[in-house]
Amino acid sequence: MSLKVYNTATRSLDTFEPLENGRATVYACGPTIYNHAHIGNFRTFLFFDLVHRYLEWSGYDVRFVMNLTDVDDKVIEAADAARTSISDHTGPFGEIFLDDCRTLGVRPVDRYPRATHYIGPMVDFIERLVARGHAYAADDGAVYFSIASFPTYGRLKGIDTSTLMAGARVEQDEYEKEDARDFALWKPATEMDERVGAAWDSPWGRGRPGWHLECSVMSTAELGETLDMHLGGEDLIFPHHENEIAQSEGATGKPFVRHWMHVKHLFVEGRKMSKSLGNFIRVRELLEEGYDPAAIRHLLISSHYRGDLNFTRAGLEGSRAAVQRLLDFETRLAGVTVDAMAEASELPGLAEEARAAFRVAMDADFNSADALAAVFRFVSGVNAALDRRDAVRPADRDSALDALRSMDQVLGLLEVARAARSVDDDLAAWVEQKIEERAAARADRDFATADAIRQELAARNIVLEDGSGGTRWKVVS
RNA sequence: GGCGCCGUGGCCAAGUGGUAAGGCAGAGGACUGCAAAUCCUUUAUCCCCGGUUCGAAUCCGGGCGGCGCCUCCA
């Protein structure tokens with residue numbers, strides 16, 4: 001009964017062991033806020049959220065940090081193209097990103113450090129690396145990390161760097177590097193950098209930090225020198241995270257990260273999502289097309305984070321239906337007839353079974369697909385049990401409701417679905433009025449009128465359910 | 001070229017040695033004025049070939065097919 005996580009560094013399923021018992025420090029590489037986030041980004045960010053929620057659900061005292069990159073090549077180019085500054089360009093996109101996160105149910109994390117707020121610590125960090133012989137200043141005003149000074153470089157990705165650059169990818173004369181493999185910690189400012197406000201004073205002159213450095217410095221500043229978990233997309237393994245290890249361990253002499261976890265990139269309609277294929281899907285678009293955010297969330301967590309995930313609109317339809325089943329189940333359970341004198345039911349047993357299966361699934365390297373299966377088995381089991389009975393004990397109902405809501409603390413599906421379906425009082429009053437009219441028509445066996453009313457409501461995504469206790473209504477997506 | 005991953009029913013997707021979770025879709029039935037919701041029934045020799053084993057979707061070898069990284073893409 002312990003959490004096992006696949007560790008990219010060891011390439012094996014390791015037992016999660018934080019530095020300090022009961023506490024967990026997590027650093028996740030967040031987005032570069034120069035544009036709208038796409039659906040692939042959110043597979044990763046939703047996984048971060050799953051980790052965040054599950055660690056808390058498991059009782060850890062979690063400190064979770066996700067950076068927002070607000071200065072790098074892409075940001076600078078985008079800001080310059082928009083004839084603005086990097087801060088004016090990234091500000092709104094940062095807000096939009098956080099807004100998308102809220103919509104999809106990504107819980108706020110403890111800190112969202114932005115690189116531009118850490119320039120001082122970054123300069124200090126570079127000086128430490130220089131002092132320890134891991135970095136050197138070049139004549140062009142840049143400071144480079146010396147790969148030769150860090151023998152284990154390449155271990156995370158499992159590559160031998162001595163042959164890595166044997167190919168002719170690197171323009172040897174581009175910078176004043178001592179070794180083609182070396183990477184920049186500090187880059188001298190260009191005219192464009194100055195124009196968009198991406199240049200700061202430093203002991204090496206005007207310039208800006210290298211992208212890899214940002215994460216090493218912010219994670220250390222916010223969480224300490226050794227992190228329990230570091231998360232990111234699979235593309236970041238090399239060189240980004242490899243470089244972070246070299247920088248951080250080079251500067252501190254201590255292990256940087258205990259567990260490295262990486263999320264696999266998703267596919268869209270069976271193909272890699274890429275600009276050249278023109279199949280980028282932004283979260284914004286899906287929301288504007290009217291897709292339920294809970295369905296998006298469901299689809300993105302419906303497969304294991306290290307496995308393939310093929311994102312399709314057909315799949316989104318399926319997820320929409322799955323989420324609706326969950327909502328209907330909660331509504332039914334909450335409204336079930338209770339009777340303290342009723343005989344004991346299967347619900348407490350099913351609830352216990354579901355919680356246990358859910359935990360086993362999530363402990364197995366955050367297997368959300370298996371965890372969802374546990375939830376749906378529970379749904380079927382309880383529905384069948386309720387069909388066999390007229391009433392259940394209040395405590396039995398509560399045990400089932402508690403289990404459902406507890407599991408949703410991690411999955412966040414009901415939570416997001418409810419938020420997306422909130423109705424104002426005016427609409428509710430109108431619907432109630434229509435339902436009364438329909439009830440009167442039905443009493444007169446005037447089914448034509450009754451059906452017309454039902455269709456009028458359906459046109460506004462209101463679906464009716466006639467039961468023994470009267471008519472219930474719900475908003476569907 | 002180097003390193004690595006994947007191929008499970010119509011679609012999506014768990015399962016890494018004991019004879020196939022779950023969701024969606026479909027078909028039949030129960031319930032309903034009709035629906036909706038729900039329940040019941042129903043749909044897989046796990047890409048192919050060989051091997052190891054009492055036993056393999058799961059391990060090994062080969063093949064076919066798809067893909068990723070080695071480029072500051074989550």
Side-chain angles (χ1 to χ4, degrees), chain A residues 11 28-32 37-48 69 72-75 154 157-161 163-167 169-170 183-184 210-212 214 231-240 243 262-267 270-275 280 298-299 302-304 306-312 314-326 328-329 331-332 357 361 364 367-380 382-388 442 445-448 450-451 454-455 458 463-468 471-474 476:
Chain A
R11 297 177 189 222
C29 279
T32 298
H38 61 250
I39 200 69
N41 292 316
F42 270 95
R43 179 190 198 184
T44 300
F45 302 141
L46 247 28
F47 176 68
F48 294 171
T69 296
D72 80 337
D73 293 350
K74 295 195 299 286
V75 171
K157 179 71 177 175
I159 51 176
D160 177 0
T161 59
T163 61
L164 177 66
M165 297 299 181
R169 277 286 186 185
V170 175
F183 59 91
W211 178 52
H212 308 300
E214 299 175 3
L231 315 175
E234 62 172 344
D235 56 297
L236 299 181
I237 298 171
F238 189 91
H240 186 55
N243 290 357
H262 293 94
V263 184
K264 186 162 185 172
H265 283 190
L266 60 61
F267 275 35
R271 308 201 61 178
K272 181 186 178 182
M273 185 164 56
S274 70
K275 282 175 189 164
F280 260 77
H298 177 272
L299 183 53
S302 67
S303 82
H304 185 79
R306 284 189 288 117
D308 293 330
L309 172 60
N310 185 18
F311 191 95
T312 65
L316 217 39
E317 276 304 314
S319 286
R320 185 198 57 71
V323 166
Q324 190 63 52
R325 178 167 164 81
L326 236 35
D328 288 343
F329 174 67
T331 303
R332 177 184 194 187
N367 193 333
S368 50
D370 203 20
L372 278 167
V375 172
F376 280 101
R377 272 198 304 276
F378 174 64
V379 171
S380 295
V382 173
N383 268 328
L386 294 179
D387 272 6
R388 282 183 241 114
R442 291 178 75 207
R445 301 197 65 79
D446 176 4
F447 297 120
D451 289 348
R454 188 164 63 195
Q455 279 174 23
V463 170
L464 303 184
E465 292 177 11
D466 297 324
S468 55
T471 298
R472 190 142 56 196
W473 63 280
K474 66 184 178 187
V476 298

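Letters A, B, ... are given to chains in the order of the sequence lines, protein chains preceding strands, and every chain is numbered from 1.
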With respect to the side chain of [X], which nucleotide from [options] is positioned closest?
{"X": "A:T32", "options": "B:A74, B:A36, B:C73", "result": "B:A74"}
{"X": "A:N41", "options": "B:A37, B:C69, B:A74", "result": "B:A74"}
{"X": "A:A373", "options": "B:G22, B:A74, B:C34", "result": "B:G22"}

Please enumerate all residues that pass ring-ring contact (aromatic ring centres under 6.0 Å, His included) together with A:F311, with sequence neighbours excluded.
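For A:F311, no residue satisfies ring-ring contact (aromatic ring centres under 6.0 Å, His included) once neighbours in sequence are set aside.
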
What is the distance from [atom1] of [X] to [atom2] of [N], rounded to the nearest Å?
{"X": "A:R388", "N": "B:C39", "atom1": "CZ", "atom2": "P", "result": "11 Å"}
{"X": "A:F267", "N": "B:A74", "atom1": "CZ", "atom2": "C1'", "result": "14 Å"}
{"X": "A:L326", "N": "B:A37", "atom1": "CG", "atom2": "P", "result": "14 Å"}
{"X": "A:L236", "N": "B:A74", "atom1": "CG", "atom2": "P", "result": "7 Å"}
{"X": "A:H240", "N": "B:C70", "atom1": "NE2", "atom2": "C1'", "result": "17 Å"}
{"X": "A:D387", "N": "B:U41", "atom1": "CG", "atom2": "P", "result": "13 Å"}
{"X": "A:D235", "N": "B:U71", "atom1": "CG", "atom2": "P", "result": "13 Å"}
{"X": "A:L266", "N": "B:C67", "atom1": "CG", "atom2": "P", "result": "16 Å"}

Pairwise 5' ranking along RNA chain B for A:A450 and A:E234, keeping only the more 5' one
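This one resolves to A:A450.
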
Using atom [atom1] in both nucleotides, what's the gap between [N] and [M] to the nearest angstrom?
{"N": "B:C48", "M": "B:G7", "atom1": "C1'", "value": "11 Å"}
{"N": "B:G9", "M": "B:A13", "atom1": "C1'", "value": "12 Å"}
{"N": "B:G65", "M": "B:U8", "atom1": "C1'", "value": "15 Å"}
{"N": "B:C31", "M": "B:U41", "atom1": "C1'", "value": "16 Å"}
{"N": "B:U16", "M": "B:G55", "atom1": "C1'", "value": "15 Å"}
{"N": "B:C39", "M": "B:G66", "atom1": "C1'", "value": "40 Å"}
{"N": "B:U32", "M": "B:C11", "atom1": "P", "value": "37 Å"}
{"N": "B:A20", "M": "B:G4", "atom1": "C1'", "value": "28 Å"}

Does the side chain of [Y] come within less than 4.5 Å of [X]'s, by heavy atoms?
{"X": "A:V463", "Y": "A:Q324", "value": "no"}
{"X": "A:L326", "Y": "A:F376", "value": "yes"}
{"X": "A:C29", "Y": "A:E214", "value": "no"}
{"X": "A:V263", "Y": "A:L231", "value": "no"}
{"X": "A:F47", "Y": "A:S368", "value": "no"}
{"X": "A:H265", "Y": "A:M273", "value": "no"}
{"X": "A:H298", "Y": "A:L372", "value": "yes"}
{"X": "A:D308", "Y": "A:K264", "value": "yes"}

Look through every strand shown and name the nucleotide pairing with [N] as Watson-Crick or G-U wobble, where both distances are under 3.5 Å.
{"N": "B:A21", "result": "none"}
{"N": "B:U58", "result": "none"}
{"N": "B:U71", "result": "none"}
{"N": "B:A27", "result": "B:U41"}
{"N": "B:G33", "result": "none"}

Quick one: label [X] by what it contacts on the DNA or RNA (base, sugar-phosphate, nothing), any heavy atom closer than 4.0 Å.
{"X": "A:N383", "value": "sugar-phosphate"}
{"X": "A:H265", "value": "base"}
{"X": "A:V463", "value": "sugar-phosphate"}
{"X": "A:R306", "value": "nothing"}
{"X": "A:P31", "value": "nothing"}

Least distance between heavy atoms, A:T32 atom then A:K74 atom
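The answer is OG1-NZ, 4.2 Å.
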
Identify whether the distance between the nearest side-chain nitrogen and carboxylate oxygen of A:D328 and A:R472 falls below 4.0 Å.
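Salt bridge between A:D328 and A:R472, a charged N being under 4.0 Å from a carboxylate O: no.
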
Ion pair present between A:R454 and A:D451, side-chain N to carboxylate O less than 4.0 angstrom?
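Salt bridge flag = yes for A:D451 with A:R454.
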
Just N and O in the side chain of A:K264: are any of them under 4.0 Å from OP1 or OP2 of B:G4?
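A:K264 to B:G4 OP1/OP2: no side-chain N or O under 4.0 Å.
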
Short N/O separations, protein against nucleotides 12-19 of chain B, under 3.5 angstrom:
residue, atom, partner, partner atom, Å
B:A13, OP1, A:D308, O, 3.4
B:A13, OP1, A:N310, N, 3.1
B:A14, OP1, A:H304, N, 2.5
B:A14, O3', A:N367, ND2, 2.8
B:A14, O2', A:D370, OD1, 3.4
B:G15, OP1, A:N367, ND2, 2.8

Check if the side chain of A:D466 and the base of B:C34 share a donor-acceptor pair of N or O atoms closer than 3.5 Å.
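Yes, the side chain and the base share a sub-3.5 Å donor-acceptor pair.
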
Please tabulate, one pair per line, each protein N/O and nucleotide N/O from nucleotides 23-29 of chain B that are separated by under 3.5 Å, including the distance.
none

